[in-house]
Every structure is written in C-alpha cells, then in structure tokens.
Amino acid sequence: MAQGSADHFRIGMLAPSGFGKTSLVTAILQEALFATASRELSMRAIGQSTQGRLDRNRAQLEAQLLNGKFDARALSGTRDAFDFQVQIEYGEQNVISVLLRDFPGTWISEQDRPTTRPLLESTRIFIGNATILLVPVDAVLVMESVRTGRVGDFAKLAALDQLKKEALRWAAGRTRNAAEPALALICPIKCESYFADNGGTQDQADALRAAVVAFYADALRPLLELKSAVPSARVLYAPVDTIGCVELARVRGSGQEDMLESYVVREPSKLSRVGADDVMWAIHHHLLRVLRTSLDAEGAPASARTAELDQLLRRAAPVPGPRVREL
Amino acid sequence: MRIYLRTRGRVRDYQFVGLAPEESWWQSYDRVTDLELPVVLVEAGAGHWRAYVSSIPSGRQDRLGRVIVLDLVLVGEQAARDDGGRDDGDRELALAIIAASLGDGDGDDDGANGASGSGRSGRLPPDRLDAVLTEEVVEEWLAEPTLAAWQDAAAAIRDVFGDVPVPSAAGSAAADATAPAGDWLGGLGSARSRAAFLALIRRLLSGVVGRALTLSYIADPGDVGDLRALIGVGKTGERELGVLAVGQGPLFRADPTDLVR
C-alpha cells in the first residue's frame, strides 16, 4: 500500500476558508460513528481528541436546533491543522486506520505568504500521500453566485486558481502511484434547500450540479484528467445536507464577501443528514479496492482475507446513492 | 518578550500578523486538549519560556458572522540572577494576559456555547481590545505580512493588557503554601487550582523547568498516565507539571492534587 505509511490511509481535503471542510468531515464521521456496527463493518474514533471534536461539533449544532434556529455564526473557524483518526474494521481480517486532515483554508487561498507557507507544506505532503481527496463546495455560495451573476467573485472567494494547483499536485502523486486506485469526491455542502428528498420544497439538484461542474471545470480538470493516467481513478459528485432540518430563508448582503445566510429550522428540529453516508460508503468502497489491489500487488495467495475483501466488494455499491454522480 | 498575534479579518482567514512563530509547538498538544477551545499552554526550560493563550474573543465578526478570536504566542527569557530584573515587566505582562484569559473559572468551558465562545467568564478587556484592534487596523495588518505589522500588533497587545492587574494569587505566599510541588492536577473551576496554576507559571517564567497546561481531555487522574506518554512528560528533565482540567467533567472543580510520577 502506498498510502505513505504502513499504518494509515490518508484522506485529504481541498477548500478555502468557510467552504465547509469541518462541516463535511464532522458530518460524515459523526454519521458513520453513530451507525450501528455490524459484523462486516465497524468504525471507532482513535483517542479522545477525535471523538471530542465530533461531540463538540454535534453538541453545538443540536443546541442550536433545540432553540429552533440555525446560525452559522455559532460555529467557529479552524485555526490549526487537525487529523481526525478512526479505525475501521472490514470483517475480521482487515483492520485499518484512517487519518482525515482538517486545516485552515487560508493555507490554500494565501499559500504564498511567509506566515502560511511553512504550515501548508506539511499539509501538502499529507494530501500528496492521500488516497482520497475531498473537495467541499459551499452550495449556497454557488447558487447565490448564479442568482446574482457574480461568477467572478465566486472564483476569487473559492480560490479556484490555488485549488487547481493543489489538485494538480494530488493528481501527480496519484499518477506516480498509478497501480493504486484513486478517488476524488466533489461534495457540495449545505444542500438542504436544493433537494426535495429531505423535507425541502424545491428540487434544484440539477441546477446545483450544473453550476458546480461549470464553476469548477478548470480547477478540477486535473482530477478528471487523472482517469487517463490512472484507469481505476474515480471522480464522484456527492452532495450533502450537513444539517438536514434547515431551510435557507434569506441571504443578506450585496456581495459574497458580505453574504450572510439565515435559516429556518424544519420540524422536527433534529439533525437529518442526507448524503453523508453516500460519501462514507464511497470511501469504504475505495478503501476496500485499495486493500484488494495491494494484496494483488504483493502477490498474496487466496486466503480468508482476500475472500473477505472480495465478498465485501461484491456487496458494496460503487455508486452509493441516488444523489451521487460519476463525473 | 516576543508577541505573536493570530487573528482573522472578515474574509481573510486566521493567520499570524506580520511574522509567525518558528514552530507551531502548541499543535503537539492536540491529542490531549481541544485547540479550538480556550487554552493556556506554558513551557519553560533552557533559559526560555513560551506560552500559547488562545480564543480571546473580540467584538469583530467574519463574513459568516462568526465571532473572531485572538490567539497569542508569547516567547521570553527566564529570569536570570544577573539580569537586574530587566524583563520583569514582560513577565508580569505575560502573567496578566494568562490570568485574564483564565478568568474566574465560572465560564462554560465545554465550548457548547460556540463562538460566543471563549468559555471564560473573563477579566479580558474586549472593549479596550476592540478599541485598539479595530477592524480597519487588523485588515491592514493582515493585508501585508510585514515586520512593521508584527511590531504594531505586539505594541497593541502591550497597550491593551498593559494595565490589566496580575491577581495577587499568582505567586502570593498563600498560593505557594497551598500549591503542591512537583506534578499536580486540578480543575479550572477551583480557585485554589487556578492560584496554584498562576503561581507555577510565575515560577516557570522565573527559571523553573516545567509546564503548565489547561487540558480538555482529562476526565480523571487516570488519564494523566496517557497524557505523560502523549506529551513526553519526564523525558526532558522537567521539574514541575501543573495541569488544569477544563470542561464539564468531574475534575473541573477539583483542588490541586499531587500526581505520582
């Protein structure tokens, strides 16, 4: 396995500040860790720090929802890099640990500054060794940019030029390691108001996807082109309702730098995320593929371990849910 | 004393103003405390000390309306017998900042209150802070990472905290008499523990080798064994370790208790 260490698989993220890296990672890990373990799959946080962060984030969200409101202002920004650590058991034979790095988005958007360059460097190494790349996208910002025609502002705020540079680096790393499958997940977050499958009243799913694909076409080209060098590479579009029970009520501000969203809470006021499990299942499917590929590369003979992986792979749907699209 | 200020603007994300510390040493504690919550970490040895004081709330908000906080990294020289008290003022300033940051321990330190959020009840002077570190000033500093911006930010912090008093408990005879020697564990909600913590920090700034840490993932004394392994306590000739448990666990109101190495 060429994931950079014999012990850990790495999952990298790419997005500037305020685009939902922390929201995405906490949503997918909380849902996965809350799910009941089965004989075939179980996950647990390693150490108190990962569980502590997830618990704090969930407590913040639930406290707000109990009060009947959701206010993004109550969520704090990320100031230091942090590796979420989980252990995943696939059956009895395949136990792996996964590191998922969250970091301040300014390291991407202002990567040439002397105060951020050294900090980004270690995260670049981490992302370069990541077998999976997550790209969170602020769905509200995308749709508001469409509505107001401020596409240029979006490109700046989304740091699309810098994003492309980092996507190129990741793709280059995957190309050097072409025997291993690669997975990139483009994940719009805060999608509650654009889907009708989770209590929402509008279905703008196609419009959202079209806008994301159009806005990110150039920045994410290195990921799409990766498939020609790494045939087993996949790029999935997987939108996520990071809260679920909220509806965008109002957007204030004349420009995106001043944009302030307000939400109303749908009854019952409980987290009801949709799409987070799609992301997690895509991750599981990919990790199983990597494990299987590595055994093939090692020339491992058929064993209980290979049989278990084959069985799990047969059962795991490669495209996990109706919202997910292969790009 | 060198002062490094980390904060953000409306759009521009968190970063150090002007210059950044040579290493992000506080990150080595991210397995034992939640660095997104208010934290005080002080390390001292080899004639130097350094402190990380985080999540000081400002009155500014980012583009999403989130409360913007300040993190401070302070780096200084331990008191030497022959320095004639040259850096005493800096050490008092560092103690004042740390003491103000700890507050009176009645804050909601589990962070569930989100960005309102420092989790401290606070002697911090946010009004004065915002009068000096205005949105306009901070945006200007963040626009260009220059030596001048770093110096201006340090001067502003000195200005804001310069007349904040150091609590008498820090280094008082009463605190010294009740503080355990060596390694100890207490809770932020205990006045005795806070006094012992500040007294320890005064000693660290004055030449003692050791650490003073507020930690959020210490639920009971049994966790300290893991803590030592995680942060390498005892490997560097440290003489003293003081830990204040924060959060809503059972240790929050605990008086200082000796820990056996």
Side-chain angles (χ1 to χ4, degrees), chain A residues 16-18 22 46-53 55-64 71-83 85 102-110 112-119 122 138 140-141 156-157 159 252-253 255-262, chain B residues 4 6-24 26-27 29-37 52 54-55 61-71 110-118 142 144-146 149-150 215-219 223 226-227 230 247:
Chain A
S17 172
T22 305
I46 299 175
Q48 283 182 293
S49 52
T50 292
Q51 195 63 55
R53 288 222 174 193
D55 289 349
R56 171 167 60 81
N57 177 277
R58 194 174 183 98
Q60 285 175 340
L61 291 175
E62 288 181 340
Q64 283 199 55
D71 189 345
R73 290 176 290 188
L75 304 175
S76 54
T78 302
R79 310 198 304 278
D80 286 301
F82 180 76
D83 290 343
Q85 300 182 15
D102 191 12
F103 63 95
T106 192
W107 298 0
I108 294 295
S109 52
E110 304 198 60
D112 294 327
R113 289 188 155 227
T115 47
T116 54
R117 200 183 304 132
L119 302 168
S122 72
D138 186 322
V140 176
L141 207 49
K156 187 180 163 204
L157 209 54
R252 281 177 290 171
Q256 286 157 346
E257 293 194 356
D258 293 323
M259 198 176 93
L260 196 56
E261 306 144 23
S262 55
Chain B
Y4 300 90
R6 179 166 63 180
T7 189
R8 67 165 295 156
R10 277 191 69 77
V11 174
R12 217 177 279 275
D13 204 353
Y14 283 99
Q15 56 192 282
F16 282 99
V17 173
L19 299 178
E22 286 178 13
E23 57 172 319
S24 304
W26 57 92
Q27 279 206 259
Y29 292 96
D30 76 355
R31 298 292 134 192
V32 289
T33 198
D34 189 337
L35 291 174
E36 297 290 321
L37 296 180
Y52 177 68
S54 75
S55 299
Q61 296 182 346
D62 71 7
R63 76 170 177 87
L64 299 175
R66 298 177 296 195
V67 171
I68 294 174
V69 298
L70 280 67
D71 302 325
D110 68 357
N113 59 345
S116 60
S118 74
L142 292 174
E144 284 296 327
T146 62
W150 176 62
L215 301 179
S216 50
Y217 298 141
I218 299 293
D223 291 337
D226 295 337
L227 164 71
L230 282 166

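A, B, ... follow the sequence lines: proteins, then strands. Residue 1 opens every chain. No hydrogens, no waters, no symmetry mates; every other heavy atom, side chains included, goes into these values.
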Trainee: Could you state the interatomic distance from CD (Gln51(A)) to CZ (Arg58(A)), rounded to the nearest 0.5 Å?
Mentor: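 Here the rounded value is 10.5 Å.
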Trainee: Can you tell me which of Gly105(A), Ala81(A), Pro16(A) forms the most heavy-atom pairs within a distance under 4.5 Å of chain B?
Mentor: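 Result: the option with the highest number of such pairs is Ala81(A).
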Trainee: Identify which part of Glu23(B) has an atom lying under 4.5 Å from any heavy atom of chain A, answering side chain, backbone, both or neither.
Mentor: neither
Trainee: Is Arg12(B) in contact with chain A via its backbone, its side chain, both, or neither, using a 4.5 Å heavy-atom distance?
Mentor: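 Both backbone and side chain of Arg12(B) come within 4.5 Å of chain A.
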Trainee: Work out which heavy atom in Glu144(B) is nearest to a heavy atom in Ala149(B); give both atom names and the distance.
Mentor: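 Glu144(B) and Ala149(B) have their closest heavy atoms at O-CB, 4.0 Å.
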Trainee: Just how far is it from atom CD1 of Ile68(B) to atom CG of Asp13(B), taken to the nearest 0.5 Å?
Mentor: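 Interatomic distance, Ile68(B) CD1 to Asp13(B) CG, rounded to 0.5 Å: 9.5 Å.
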Trainee: Select, from Gly18(B), Ala20(B), Ser24(B), Pro145(B), the one with the greatest count of heavy-atom pairs under 4.5 Å involving chain A.
Mentor: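 Of the candidates given, the most pairs with chain A belong to Pro145(B).
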Trainee: Between Leu215(B) and chain A, which part of the residue has a heavy atom less than 4.5 Å away: side chain, backbone, both or neither?
Mentor: neither
Trainee: Which pair of non-hydrogen atoms, one from Tyr217(B) and one from Asp34(B), has the smallest distance, and what is that distance?
Mentor: OH-CB, 3.5 Å
Trainee: Can you tell which of Val32(B), Leu35(B), Asp71(B) has the highest number of heavy-atom pairs within less than 4.5 Å of chain A?
Mentor: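 The candidate making the most pairs under 4.5 Å is Asp71(B).
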Trainee: So which heavy atom on Asp80(A) is nearest to which on Glu36(B), and how close?
Mentor: N-OE2, 3.9 Å
Trainee: Any chance you could measure Gln15(B), atom CD, to Trp107(A), atom CH2, to the nearest 0.5 Å?
Mentor: 11.5 Å
Trainee: Heavy-atom cut-off 4.5 Å, strictly under: side chain, backbone, both or neither for Asp55(A) against chain B?
Mentor: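 Contact with chain B involves no heavy atom of Asp55(A) at all.
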